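Okay, structure first, notes after.
Numbering of residues begins at 1 and proceeds along the displayed sequence. This structure is a prediction, so every number in the text was calculated from the model and none was measured.
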Amino acid sequence: MTISMRKQVGAACALLCIALSGCGGKTGNANVEAGMEAIAALDYQRAMECFEAARENGENERLIARGMGIASMGMTDYSSAAAYLEECLSYSDGMIKEIDYDVNFYLAAAHCKNGDYVQAEEIYTAILTLKTREPDAGFLRGNARLELGRLEQALEDFECVIAMLPEDYDRLIDIYEVLAAHGYNEKGEEYLRTALQERAEKMSSYDRGRIYYYLGEYQQACLNLEDAKKADTADVYLYLGKSYEATEDYNYAIRNVYEAYLNGHEGDARLYNQLGLCHMHQKDYEAALTAFQKAMNIPDNGMMQTLQFNEAVAYEFLGEYTKAAALINSYLQTYPDDETAVREFGFLSTR
């Protein structure tokens with residue numbers, strides 16, 4: 001498991017701004033910047049066209065190769081991505097800069113996507129040799145080591161990350177989730193319980209609540225998250241709703257959590273998505289579709305892949321198979337390596 005493409009694109013755009021500021025700015029690398037904007041919009045083919053134009057225009061070769069590598073990852077061409085990212089590294093002047101770390105993170109992710117976890121582990125190790133207290137590299141190396149079946153080494157990485165960031169409960173939950181995904185639920189739960197034992201009194205009720213949620217202790221999760229509602233944040237309502245969903249109290253989650261928040265606040269795509277899933281459980285597919293589409297209409301919602309897939313499924317359950325098949329086909333143009341969607345398209349094509 002690697003950092004999500006969404007997070008990587010965010011990091012890409014942030015570092016690009018730094019790079020451009022030292023390379024002539026927007027006017028000096030206009031096509032590179034346009035390419036990165038296309039990546040942020042998930043238009044990877046357009047991005048590649050921009051980077052080709054940048055080469056013809058004599059723009060910064062290093063940024064071009066980097067952009068082509070990221071766009072190739074978006075198109076699931078991980079071998080080409082690795083080649084472009086290695087080209088980017090070849091332009092180094094021998095002085096290690098932040099862009100070198102950034103590109104190596106992408107390169108390791110490309111190797112992971114290609115199933116080459118040995119190469120990815122080596123890259124993360126190289127990063128950690130230079131930056132011994134780099135939690136992202138430690139976490140991701142732990143991921144790669146899990147894929148290689150090296151549980152003890154992976155746990156060493158995760159424990160180092162927890163020791164570095166003892167109050168980073170987002171990362172603690174990431175560690176739990178990756179362990180659970182590989183069948184090591186008990187070890188992940190051990191980390192969560194240790195955090196509660198050692199720091200529960202110092203935690204916010206929100207953090208306690210979501211840790212209880214992942215431990216499957218939904219009553220405790222609800223109690224803590226109900227207390228956290230005074231913060232009036234979408235994050236609290238998201239976990240509170242999911243906790244009630246876990247007890248199959250979908251009516252309460254819909255009316256007293258998701259709709260209660262959405263009716264009084266600016267729209268949040270995550271809450272609309274969960275609202276839609278609740279309606280799906282209740283077989284109210286029209287309401288589910290409305291919720292998914294409201295989420296999709298929120299600019300820069302950060303979860304279009306999930307929402308587009310859920311929209312297609314809602315149409316399928318409404319019996320609109322032609323519409324669902326067209327949406328899944330369009331979805332696969334952007335996310336061709338989603339095996340679930342491939343199977344879904346195969347099924348819909350026979351209806």
For this session: Give the C-alpha distance, both sets of side-chain angles, the deciding distance and a yes or no for salt bridge (charged side-chain N to carboxylate O under 4.0 Å, His left out) between Arg171 and Asp174.
Result: CA-CA 5 Å; Arg171 182 46 56 86; Asp174 287 341; 3.6 Å; yes
State, with a plain yes or no, whether a side-chain heavy atom of [X] is found less than 4.5 Å away from one of [Y].
| X | Y | result |
| --- | --- | --- |
| Tyr214 | Tyr239 | yes |
| Cys50 | Val32 | no |
| Asp249 | Asn251 | yes |
| Gln305 | Asp338 | yes |
| Asn143 | Glu147 | no |
| Met280 | Val313 | yes |
| Met68 | Cys88 | no |

Got a second to check how far [X]'s [atom1] is from [Y]'s [atom2], nearest 0.5 Å?
| X | Y | atom1 | atom2 | result |
| --- | --- | --- | --- | --- |
| Met75 | Leu42 | CE | CG | 12.5 Å |
| Ile70 | Leu85 | CD1 | CG | 7.0 Å |
| Lys97 | Ser92 | NZ | OG | 6.0 Å |

Problem set entry | Residue from Tyr206, Tyr261, Tyr258 passing ring pair (Phe, Tyr, Trp, His ring centres under 6.0 Å) with Tyr237 | Tyr261
Measure from the side-chain N and O atoms of [X] to the backbone N and O of [Y], and report whether any donor-acceptor pair falls under 3.5 Å.
| X | Y | value |
| --- | --- | --- |
| Gln282 | Asp284 | no |
| Asn263 | Glu259 | yes |
| Asp77 | Ser80 | yes |
| Thr247 | Tyr244 | yes |
| Asn31 | Phe51 | no |
| Asp157 | Ala154 | no |
| Arg208 | Met203 | yes |
| Asn329 | Leu332 | no |
| Asp102 | Glu98 | no |
| Glu245 | Cys278 | no |

For this session: Evaluate the criterion salt bridge (charged side-chain N to carboxylate O under 4.0 Å, His left out) for residue pair Glu121 and Arg145; output intermediate values, then yes/no.
Result: CA-CA 7 Å; Glu121 181 194 21; Arg145 286 174 165 176; 2.7 Å; yes
More than 12 heavy atoms of other residues, nucleotides or ligands under 6.0 Å from [atom1] of [X]: yes or no?
| X | atom1 | answer |
| --- | --- | --- |
| Asp93 | CG | yes |
| Lys229 | NZ | yes |
| Lys202 | NZ | no |
| Arg133 | CZ | no |
| Gln333 | CD | yes |
| Phe317 | CZ | no |

For this session: Compare every heavy atom of Leu307 with every heavy atom of Phe292, then report the nearest pair and how far apart it is.
Result: O-CD2, 4.1 Å
Seminar exercise, completed: For Asp268 and Leu262 the tightest heavy-atom approach is N-CD2, 3.7 Å
For this session: Show your working on salt bridge (charged side-chain N to carboxylate O under 4.0 Å, His left out) between Glu217 and Arg193 and close with a plain yes or no.
Result: CA-CA 11 Å; Glu217 298 182 22; Arg193 293 192 187 281; 2.9 Å; yes
Exercise. Can you check side-chain hydrogen bond (donor to acceptor under 3.5 Å, both in side chains) on Asn114 and Ser79, steps first, answer last?
Worked result: CA-CA 7 Å; Asn114 242 357; Ser79 295; 3.1 Å; yes
For this session: Decide salt bridge (charged side-chain N to carboxylate O under 4.0 Å, His left out) for Arg55 and Glu61; before the verdict, give the C-alpha distance in whole Å, the side-chain angles of both, and the deciding distance to 0.1 Å.
Result: CA-CA 7 Å; Arg55 282 202 194 277; Glu61 288 285 358; 2.6 Å; yes
Problem set entry | Polar side chain donor-acceptor pair, Tyr212 to Asn224, under 3.5 angstrom | no
Exercise. Between Glu190 and Lys187, is the closest basic N to carboxylate O distance under 4.0 Å?
Worked result: yes
